[in-house]
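Right, one structure below, let's go through it.
Keep in mind that the numbers below use all heavy atoms, side chains included, and drop hydrogens, waters and symmetry copies.
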Protein chains: 2
Amino acid sequence: MTLKDIAASLGVSVNTVSRALADKDSVGEDTRARIKAEAQRLGYVPNSMARSLVLGSAMTLGLVITNPSNPFYSQLISTVEQRGRACGYSLMLLVTEESPEADQRAAEALLRWGVDGALVVPVQSDGQHWERLNESGVPLVLLNRDFPDLALDFVGVDYEHGAYEATRHLIEGGAKSLCLMEEDLPISPVEQRTAGFRRALAEAGIEPSRDPVLSVPTRRRESQALPWEPADAYRLAQDIVAGGDLPDAIMVGNDYFALGVYRALSEAGLRVGEDVLVGGFGDHPFAAYLTPALTTVRLPVAEIGTTAVDVLLKRIQGGTDHQAEKRHERCELAVRASSRATVRASTSEDTTT
Amino acid sequence: MTLKDIAASLGVSVNTVSRALADKDSVGEDTRARIKAEAQRLGYVPNSMARSLVLGSAMTLGLVITNPSNPFYSQLISTVEQRGRACGYSLMLLVTEESPEADQRAAEALLRWGVDGALVVPVQSDGQHWERLNESGVPLVLLNRDFPDLALDFVGVDYEHGAYEATRHLIEGGAKSLCLMEEDLPISPVEQRTAGFRRALAEAGIEPSRDPVLSVPTRRRESQALPWEPADAYRLAQDIVAGGDLPDAIMVGNDYFALGVYRALSEAGLRVGEDVLVGGFGDHPFAAYLTPALTTVRLPVAEIGTTAVDVLLKRIQGGTDHQAEKRHERCELAVRASSRATVRASTSEDTTT
DNA sequence: ATGAAAGCGCTAACAG
DNA sequence: CTGTTAGCGCTTTCAT
């Protein structure tokens, strides 16, 4: 079913049909009605591809994600898709699983498809292809992971501040020797959290003898990146426990690591929230339901998703005049039992996220 | 940069360029080399839209998901995207958030874009538009939720069997009065789990006086479906505890519900795995790390994703001749401490999922 | 081996 | 108000 078919069936010209269906003026009321009726009858569906070709816009956004299984990103996918569609845009999704090659291929694919713009969580080994894509005229917004040196829009979390606040909270709770467990990816969120953590330590005058920032090795399994494995954090935590000088507070870069830490500690007969305080990142759905409930930094995922889309759309419409803007959205600490030495059980308020 | 530009710059015809770049025969070796070099130099990128328009295929698959935040679906997104891209297909993602209207709009969008085929987790209120889309010539594979009456391919989990096995396991563990907590969506997985649960009860000669299948109300929050809220299960579990006749085993339709159940029970001074056995569904990353570790049914997500893509591609290539096939993949019970009255702590084997 | 011409389905400029 | 013409970028006949 094409415009041509309708036109033929009605004995009018193709573009009268086009205009009638597009509700343009300069079409007789009766003709329009007849055309619409016929279109309905024949089950006409406009061909987006042809339309895009001539219009020069596919009304499509690209979304490049490293790992959809990460709850932060899965929520982002949902938000972005909905916000985009609300503005008339379809979504083309690309998954990179932390592979630099996939990241590069993603940039090419976006260029080929002529998306109107793209939201990108980059594999942060190299950002040149993203810069090039942007220079090719495809507006880009980096999500969550920034290349500070590149003049690309960015929307993400203020991890530095989040880590700082959380660490300070632990210190105020009495912690004197703290450590931070982070995934071993060279990405800006890790850097920022590390910086925030160190700042809090420095401000409190805590000077650990050894580097308090520990790296949890990232593994890969058949085309899947596994950066957030409780098992890996579990092993590292076991080592810490076995190693002798136990910290009295452990920060982790994501809530999944906290699961491993919980287990290692409890197996060693240590009580989380009493012997050792624990703080996480992400406020994943299970965090409030652990025993003890996990203190964690809540990330403004929805804001980030919708803001990113809005920034991108402004870029698409407005052109490329104004400077790149880097937005770091504030996050909020959800205090629960794992960081309150004095409190035994969590209150039910904590569960209503 | 278009073929035309390259052609002009080299003084050859457009379609010589086209064939040279497509590595077709009937192009002189020297010409081809010159053309390729020039294409490289000018940074030529083929326009997928124009290509699709003339070829009649966009090399694109549609993926319709109700809720990306559901770990089962987020993993599915990842698998499908990768498998699809490995076969040369791009992915267009649509999110419905359990909204029947969005579900309908998704079908239209797919038709407009002329995707080569689609994988669909349908909002199961009505499947007619999917049937129509399929009849319009867009091959379709239903994911996870089936319309048994419609002649559409389906790939999903054998929930009936999974629930049956899990329930039997609980009964063998000594349970005499069991209940099942399910989300209140009218979808085939819930039906199947319920059926499996009931079959296990019946076989064991257990005849509860009241209906043992309990429904956890699904809520919505600003364009987001929340079918799996620990808080909701928590409340329901509280009611059960308060209600008097406590079951000695609780099955839940997903692991998130188990979180709520754990809390309600422990707040009532009941010990999971001793006073009350608990079994879940999904084997979410946190399941093995709860205290006690959660016995749960592991779903073959990766198999389902890749199988679904393969079935779809066969459909796309093979045509629409053979009958619809419905594949229910077997799942596997991960037995852990929450269902072992005799075991106190979980062994570390359980954690290496 | 190469070029010219036609067309995918649609929209935008012009005429009339 | 409507029809004609042209063209988006590419591929596929068909000539040469």
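Using a 4.0 Å cut-off, some side-chain N or O of A:T16 falls inside it from OP1 or OP2 of D:dG3. Taking 4.0 angstrom as the limit, B:R19 places none of its side-chain polar atoms (N or O) nearer than this to OP1 or OP2 of D:dT11. B:S18 has a side-chain polar atom (N or O) that falls below the 4.0 Å cut-off from OP1 or OP2 of D:dT11. In this structure, B:K24 reaches the D:dT12 phosphate: one of its side-chain N or O atoms is under 4.0 Å from OP1 or OP2. Taking only side-chain nitrogens and oxygens, A:S26 never comes nearer than 4.0 Å to OP1 or OP2 of D:dC1. Neither OP1 nor OP2 of C:dG9 sits under 4.0 Å from any side-chain N or O of A:Y44.
Between A:D5 atom CG and C:dG7 atom C1' there is a gap of 15 Å when expressed in whole angstrom units. One atom, CG of A:L55, and another, P of C:dA13, lie 11 Å apart when rounded to the nearest Å. The interatomic distance linking A:N15 (CG) with C:dA15 (P) rounds to 15 Å, in whole Å. A:E29 has its CD atom 15 Å from the C1' atom of D:dT2, to the nearest Å. Distance B:L3 CG to C:dG3 P: 13 Å, rounded to the nearest Å. The distance from atom CG of B:L53 to atom P of D:dG9 is 12 Å, rounded to the nearest whole Å. Put simply, CD1 on A:I6 is 13 Å from P on C:dG9, counting in whole angstrom units. Between the C1' atom of D:dT11 and the CE atom of B:M59 lies a distance of 16 Å, rounded to the nearest Å.
Side-chain contact between B:L63 and B:Y73 is absent, with no heavy-atom pair separated by less than 4.5 Å. When side chains are defined from C-beta on, A:L94 does not count as touching A:R105, because their heavy atoms never get closer than 4.5 Å.
A residue-by-residue look at B:G11 and B:V54 shows that B:G11 has its nearest nucleotide of DNA chain C further toward the 5' end.
With C:dC10, C:dG3, D:dC10 as the candidates, the nucleotide lying closest to the side chain of B:R51 is D:dC10. The side chain of A:N47 lies closest to C:dG9, out of C:dG9, D:dG3, D:dT11.
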Item to check | Intermediate values then yes/no, salt bridge (Lys or Arg N to Asp or Glu O under 4.0 Å), A:E81 and A:R85 | outcome: CA-CA 6 Å; A:E81 199 276 346; A:R85 195 157 34 68; 3.1 Å; yes
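Within 4.0 Å of B:T2, counting heavy atoms only, lie sugar-phosphate atoms of the nucleic acid but no base atom. Backbone-only engagement by B:T31 is indicated by non-hydrogen atom pairs under 4.0 Å involving sugar-phosphate atoms exclusively.
In plain terms, the two heavy atoms of B:D103 and B:V121 that are nearest each other are OD1-O, 4.5 Å.
B:D23 has a carboxylate O that lies under 4.0 Å from a charged side-chain N of B:K36, or vice versa, which qualifies the two as a salt bridge.
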